[in-house]
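Worksheet: one structure, shown below.
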Protein chains: 2
Amino acid sequence: MATMRDVAAAAGVSSKTVSRVLNSDPHVHPSTRARVEAMMRELDYVPNSLATTFRSGRSSVIGVAVPDIVDPFFASIVRAVEHVALARDMSTLVTSLGEDPTRERLILESMLRGQPSGIVVAPISGDQSFLAAWSLRLPIVFVDRPPLGLSADSFTQDNFAGAFTATMHLVEHGHDRIGFLGDTVTVPTTAARLHGYRSALQAAGLSADDELIAMGAGTRASAACALQTLRGLARPATAVFSSNARCTMALLPLADPMSIVTFGDFPLADVLRPSLTVMAQDPAELGRLAAHRILDRLDHPNRRFRRSTVLPVHLVERESCVVPEDPADRASGPPPTATRSQTDGASLLV
Amino acid sequence: MATMRDVAAAAGVSSKTVSRVLNSDPHVHPSTRARVEAMMRELDYVPNSLATTFRSGRSSVIGVAVPDIVDPFFASIVRAVEHVALARDMSTLVTSLGEDPTRERLILESMLRGQPSGIVVAPISGDQSFLAAWSLRLPIVFVDRPPLGLSADSFTQDNFAGAFTATMHLVEHGHDRIGFLGDTVTVPTTAARLHGYRSALQAAGLSADDELIAMGAGTRASAACALQTLRGLARPATAVFSSNARCTMALLPLADPMSIVTFGDFPLADVLRPSLTVMAQDPAELGRLAAHRILDRLDHPNRRFRRSTVLPVHLVERESCVVPEDPADRASGPPPTATRSQTDGASLLV
DNA sequence: AATTCACATGTCACCGGTGACATGACGAGT
DNA sequence: ACTCGTCATGTCACCGGTGACATGTGAATT
């Protein structure tokens, strides 16, 4: 593994000159440059970016920590950050935080010890105050979920309004018993969506019974259980607002006639039959904004930025919301939104 | 940003002693240790892992380069590597290689300059010979796709056998005109799958006409076009072997009655109606094996390992393969494998 | 001829831990 | 009392580039 000094010795110059050649310093004689370059090639020299990085005190790496890279939502965020970083010749250190909130701190601190230029975090725990000391030294930007117990840049979506709109959409289709599906209330995203759901019911003059709210519905088994409960109520639910794509995907294999709106679009949501009506988010934009904020903070340490940016979400209306079936009158005409009949959908693939 | 020497000065000891405390060296007096630890807390000292890393000459990072992290297949590989790395207190540097084969080298070399302990690559270009020099210095392990122009460890799947089985499965259902869908032949994976497909047709005594083979079918538009062509043939195709999940997902919105088998399982493949019969791969296993190989190579520099490991893939039979419809005889009885009728499937969601 | 200056190149310290080796102190064993 | 070993701690160089600053050389300017 040839170092700069090896090249220098071979070319009969000082290591500084090699450094100059490497950084295309204009004050190097063409012939010297040629000689050095030849030697670099011959010794098949590769600069050790660890050394450069170390000396400069900061690695040109943007850390990204998300709950789970396999989730396409977070994967999109990661890819967007990566893309912005690449354009600035920086790289990306990715970590999944997993499910265990107590590990968040360990994972993030280990990432921070590597002296990244900045980090982008979609947190899983309920307290990021431990990042306060770090945020003095490098830009820390939150995506999807705002920081708790800490003031820092964040790019989130309008979860409240999105949930409100989604629930209203179901109400407008005539549903008055609408279930809520989510994983954990401790995640602020879910809390805000629950809040939006409740507000919509209230605005519509409907009661938001707790029995309509099913948490921990992130797996197929638990979603099945939740669904059964919703159906078994004295006044059964006829529709569901699923607060995230994971719950929806868990629900899909078993949800028979029931209207659904989901928070968050996902691959194939438009291909299912019926296709799913969703509140579309834009994870790539979230990632892009976060990455740019890191760069902006780095470039302009003294500039002030708006701390919290909330992106709108919008309703993508597809087929999964229909007027509830009236048991007394099965011939009540076609549902207003379903543009394809059920049998149509059935033949799509075979 | 306090350094070790700051702590040392504050505690009235040498920096080496602080280093010892940090590394829990037993030869430190308890009282000294306490004093140093107190000072570390007071100055809110954080070790600079860049320095340690630099001195040791190798960062405890495993680099992972995949075509696209948003693809759940590659995301699973990444997560598996991450998981193994974490257990060894190493971190993971992730990069997407993207679509452009000419950029592969640049991206990988930039990653390598960071002196990772090893890298895991799912390459996109047709030549990795430039990695030869690097592979002398650190373990380079290929996943999903074998290296080209280079001898290195690889963990792949049995693409040939998988494609053979998948195609045979369609043949056994009575199809004699089976189309092939893929993106690029230059990717060895696709080439092997095409080969398996051809061999199966040949083994079945069917002709593998070039007109049945549609490449570049990775987007919805191109998949639509390919499908139209296959349907418009003098002897139209009645079934399709899709060589990867991306093509399948592109095909889904528009494939009406046509039997499909896909290489690679993906989320929701079992929820679609009809659910998709697939050749299931195990990306997480691939990632796990690759990561362990990196660690093994690191731990046992002199041990010899089997270079190439090929994992089997297996058929997951679902509903998307049916006996071709005989135009002359529509009452030819139920298809042998479809366990749910089409109308059954239709009512699953509403 | 003296002065100035752009240019080509070199010297050296430094970034922050840590390995190799040194030192001093004290208790145990002969 | 002397040697030896263990413990607690210190010194110093080094990992590989690079910034600050110095030096030397020849051409242009006065």
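Everything numeric here is computed off the predicted structure, so don't read it as measured data. Values below: every heavy atom of this structure, side chains too, minus hydrogens, waters and symmetry copies. Protein chains get the first letters and strands the later ones, always in sequence-line order, with residue 1 at the start of each.
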_For G57(A) and V28(A), find the nucleotide of DNA chain C closest to each by heavy atoms; which residue's nucleotide sits nearer the 5' end?_
V28(A)

_Verdict with reasoning, I119(A) to V141(A), per side chain to side chain contact (heavy atoms under 4.5 Å, CB included)_ = CA-CA 6 Å; I119(A) 67 171; V141(A) 178; over 6 Å; no

*Using atom NE2 of H27(B) as one end and atom C1' of dC7(D) as the other, report the distance to the nearest whole Å.*
7 Å

*Sidechain N-carboxylate O distance under 4.0 Å for R306(A), D153(A)*: no

*asked:* I'd like to know if R246(B) pairs up with D71(B) as an ion pair, taking the criterion as any Lys NZ or Arg NE/NH1/NH2 lying under 4.0 Å from an Asp or Glu carboxylate oxygen.
replied: no

*Touch check for V18(A), heavy atoms < 4.0 angstrom, all strands: base, sugar-phosphate only, or nothing?*
nothing

*Between T52(A) and T17(B), who's closer to the 5' end of DNA chain D by nearest nucleotide?*
T17(B)

_Could you check whether R288(A) pairs with E285(A) (Lys NZ or Arg NE/NH1/NH2 to Asp/Glu carboxylate O, under 4.0 Å)?_
yes

_Most 5' of S19(A) and R35(B) on DNA chain D, judged by nearest nucleotide_ = R35(B)

*Tell me yes or no: between the side chains of S125(A) and R105(A), is some donor less than 3.5 Å from an acceptor?*
no

*Give T32(A) one of three labels, base, sugar-phosphate or nothing, depending on what nucleic acid heavy atoms sit under 4.0 Å from its own.*
sugar-phosphate

*Pick base, sugar-phosphate or nothing for H29(B), based on heavy-atom distances below 4.0 Å to the nucleic acid.*
sugar-phosphate

*Could you give the start and end, 5' to 3', of the contact zone on DNA chain C for chain A, using atoms under 4.0 Å from its heavy atoms?*
dC7(C) to dG16(C)

*Are D299(A) and R88(A) close enough for a salt bridge, meaning some N to O gap below 4.0 Å?*
yes

*Pick base, sugar-phosphate or nothing for S14(B), based on heavy-atom distances below 4.0 Å to the nucleic acid.*
base

